Amino acid sequence: MSKLQPLGESLSDASRALAQALRELFESLQVSVRRYAARRRLDPGTVSRYLNGTRLPPWQVISDLFADVAEHRGTAVTTEAIELVRGLYGSAVDAASSPRHAVEILEQQLADADHVSRRSSVRGDVLGDALLDRTQRIADLETRLNQLEADRIAEQRRADELARAHPDVSGLLQERDALRLEVERLGAALAQAQAQRAAAEGRCELLERQLDAVEQATKAALPAGPQDMPKILVVDDQPDNLLAMTAVLATLEQELVTVSSGREALKALLDHDDFAVIIMDVQMPEMDGYETCAHIKRRQRTRDVPIIFLTAMGGGPEHSARGYAAGAVDYISKPFDPWALRAKVAVFTSIYLERNGR
């Protein structure tokens, strides 16, 4: 079994602590880096850099490592151990936060959105071809049935006589009806694929603007004057998270409205009508982020306010898909990169200002 590469030189204390914790977890698997990388379909060099601290892994990679360790041991990893590593990860993210790191995160999100767009486009083409085929087959059947009906009229026979003279009529009718049902199903599937592609294309456009915001530091390019700037609504039931969010977004010089529940968020949206974006935690008591989002999207007055979900549940495709289905425009996992979050908020602020002619 190949040995782990030494810890990187000049690591921050936070990055070193996280790397050491990850190495302990990895070594308990008793496999080589190459074998583990193959198991998880990752590049071995990238895995090695994750474990020597020179590159910060996405939280999903760490979550997968927990799952693999639990499977190997036959027992679940304790909540205390997960929270310990999560705390180390948050400190490492804060220490590594930089425009370059934010660009890496946004570029990965852009790649994911582009993949969804291309996959939906291909599926739409396949469904479109199938829909055209079924439609043409229905047209052919209709022509044959019309010809049989014309024969019936010409010969002045009753319907039961037609059935005896042309025993295939009932079969043609059944085939036509079955094709009509299939056309209806294919049409619905095609509309869904087209909607997925449109949503993914919209995310790609937003992410490209967010990358520009990081690379060009567009905060300085936004129109000056706090009185003209829209507000930001932050929803989280944990006071520490609200304080951290306030500190991260303070440099944008926009008013932050912070609330600790979904119901308070709905009230804030009634009291104010100039929110550029809502940043909302998913896991909240009584009314979670998904339910709150659904209420917001049902209201005519607030349905167009963009919502960014923040969650500690991980950024896997099943979680992000549910977030987008609920109506969110973005879905990012905690701990988040401050530069990336500020870029996202700056872009939605720009869009708000463009739409309102400010």
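Everything quoted here is computed from the prediction, not taken from an experiment. Values below: all heavy atoms of this structure, side chains included; hydrogens, waters and symmetry mates excluded.
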Inset, instruction - Could you check Thr349 against Gln254 for side-chain contact (heavy atoms from CB on, under 4.5 Å), going step by step and ending with a plain yes or no? - result: CA-CA 10 Å; Thr349 297; Gln254 291 174 247; 3.2 Å; yes
Legend entry - Partner of Ile307 under side-chain contact (heavy atoms from CB on, under 4.5 Å), chosen from Val329, Thr302, Ile296: Ile296
Legend entry - Test: Lys267 and Glu264 ion pair at under 4.0 Å: no
Legend entry - More than 12 heavy atoms of other groups within 6.0 Å of Gln20 CD: yes
Legend entry - Nearest-0.5 Å distance, SG of residue Cys204 to CZ of residue Arg118: 9.5 Å
Legend entry - Neighbour count >12 (heavy atoms, 6.0 Å) for atom CZ, Arg39: yes
Inset, instruction - Could you walk me through whether Arg123 and Leu190 pass side-chain contact (heavy atoms from CB on, under 4.5 Å), step by step? - result: CA-CA 8 Å; Arg123 184 164 185 266; Leu190 177 59; over 6 Å; no
Inset, instruction - Report yes or no: is the cationic atom of Arg203 (NZ for Lys, CZ for Arg) under 6.0 Å from the centre of the six-membered ring of Tyr331, at an angle within 45° of the ring normal? - result: no
Legend entry - Other residues, nucleotides, ligands: >12 heavy atoms within 6.0 Å of Glu184 CD: no
Legend entry - Point-to-point distance, once rounded to the nearest 0.5 Å, from CG of Leu233 to CD1 of Ile308: 11.5 Å
Legend entry - Output field: ring centroids Tyr50/Phe26 closer than 6.0 Å: no
Inset, instruction - Would you check if Phe348 and Pro230 make a side-chain contact, meaning some heavy-atom pair closer than 4.5 Å? - result: no
Legend entry - Value rounded to 0.5 Å, distance of CD1 in Ile82 from CD1 in Ile62: 11.5 Å
Inset, instruction - Check whether more than 12 heavy atoms from other residues, nucleotides or ligands sit under 6.0 Å from atom CG of Asp13, and answer yes or no. - result: no
Legend entry - Qualifying side chain to side chain donor-acceptor pair (under 3.5 Å) pairs, either residue in residues 128-142, two or more places apart: Arg134-Glu182, Glu142-Arg180
Inset, instruction - Using a strict cut-off of less than 4.0 Å between a Lys/Arg side-chain nitrogen and an Asp/Glu carboxylate oxygen, indicate whether Arg209 and Glu354 qualify as a salt bridge. - result: yes
Legend entry - Side chain proximity check, Gln238 to Asp281, heavy atoms < 4.5 angstrom: no
Inset, instruction - Taking all heavy atoms of Pro57 and all of Tyr89, pick out the closest pair and write down the distance. - result: O-OH, 2.8 Å
Inset, instruction - Compute whether any side-chain donor of one residue and acceptor of the other, for Asp274 and Tyr352, lie under 3.5 angstrom apart. - result: no
Inset, instruction - Taking the side chain as every heavy atom from C-beta outward, state whether Thr292 and Met284 have any atom pair closer than 4.5 Å. - result: yes
Inset, instruction - Indicate if Leu11 and Leu25 have the same hydrophobic cluster label, given that clusters are the connected sets of ILVMFWY residues with side-chain heavy-atom separations under 4.5 angstrom. - result: no
Inset, instruction - Mind checking the OG-NE2 spacing from Ser120 to His115? Nearest 0.5 Å is all I need. - result: 9.0 Å
Inset, instruction - Would you check if the side chain of Lys297 reaches a backbone N or O of Arg303 as a donor-acceptor pair within less than 3.5 Å? - result: yes
Inset, instruction - Treating Ile, Leu, Val, Met, Phe, Trp and Tyr as nodes and any side-chain heavy-atom pair under 4.5 angstrom as an edge, say whether Val47 and Val61 lie in one connected cluster. - result: no
Inset, instruction - Indicate yes or no: at least one non-hydrogen side-chain atom of Val257 is less than 4.5 angstrom from one of Val234. - result: no
Inset, instruction - Check the pair Ile232 / Leu252 against side-chain contact (heavy atoms from CB on, under 4.5 Å), numbers first and verdict last. - result: CA-CA 10 Å; Ile232 303 166; Leu252 296 179; 4.3 Å; yes
Legend entry - Spacing of Met280 atom CE and Asp236 atom CG [to the nearest 0.5 Å]: 10.5 Å
Inset, instruction - Kindly indicate whether the side chain of Glu9, heavy atoms from C-beta on, has any atom under 4.5 Å from the side chain of Thr54. - result: no
Inset, instruction - Might you point out which heavy atoms bring Val248 and Leu341 nearest each other, and give the distance in Å? - result: CG1-CD2, 4.4 Å
Legend entry - Side-chain donor/acceptor of His295 to backbone N/O of Leu266, under 3.5 Å: no
Inset, instruction - State the CG-OG1 distance between Leu51 and Thr46, to the nearest 0.5 angstrom. - result: 11.0 Å
Inset, instruction - I would like to know whether Glu286 and Ser261 meet side-chain hydrogen bond (donor to acceptor under 3.5 Å, both in side chains); could you show each step before the answer? - result: CA-CA 8 Å; Glu286 296 184 14; Ser261 70; over 6 Å; no
Inset, instruction - Determine the minimum heavy-atom distance between Thr258 and Thr246, stating which atoms define it. - result: CG2-OG1, 4.0 Å
Legend entry - Asn52 versus Arg23, closest heavy-atom pair with distance: CA-NH1, 3.8 Å
Inset, instruction - Step through the shown structure and confirm whether more than 12 heavy atoms of other residues, nucleotides or ligands are within 6.0 Å of CZ on Arg40. - result: yes
Inset, instruction - Using the ring-ring contact (aromatic ring centres under 6.0 Å, His included) rule, collect all pairs that involve residues 249-281, keeping only residues at least two apart or in two chains. - result: His272-Phe275
Legend entry - Side-chain donor or acceptor of Ser91 paired with backbone N/O of Gly87 under 3.5 Å: yes
Inset, instruction - Evaluate the side-chain contact (heavy atoms from CB on, under 4.5 Å) criterion for residues Leu88 and Leu22: first the C-alpha distance (whole Å), next the side-chain angles of each, then the deciding distance (0.1 Å), finally the verdict. - result: CA-CA 10 Å; Leu88 295 174; Leu22 297 182; over 6 Å; no
Inset, instruction - Taking the side chain as every heavy atom from C-beta outward, state whether Ile279 and Leu310 have any pair of such atoms under 4.5 Å apart. - result: yes
Inset, instruction - Compare all side-chain heavy atoms of Leu29 with those of Leu65 and state whether any distance is below 4.5 angstrom. - result: yes
Inset, instruction - Write down the atom of Ala92, the atom of Leu18, and the distance for their closest heavy-atom approach. - result: CB-CD2, 3.8 Å
Legend entry - Least distance between heavy atoms, Leu7 atom then Ala19 atom: CD2-CB, 3.7 Å
Inset, instruction - Say whether Ser117 and Glu201, considering side chains only, have a donor N or O and an acceptor N or O under 3.5 Å apart. - result: yes
Legend entry - Check: Gln196 side chain, Val116 main-chain N or O, donor-acceptor pair, under 3.5 Å: no
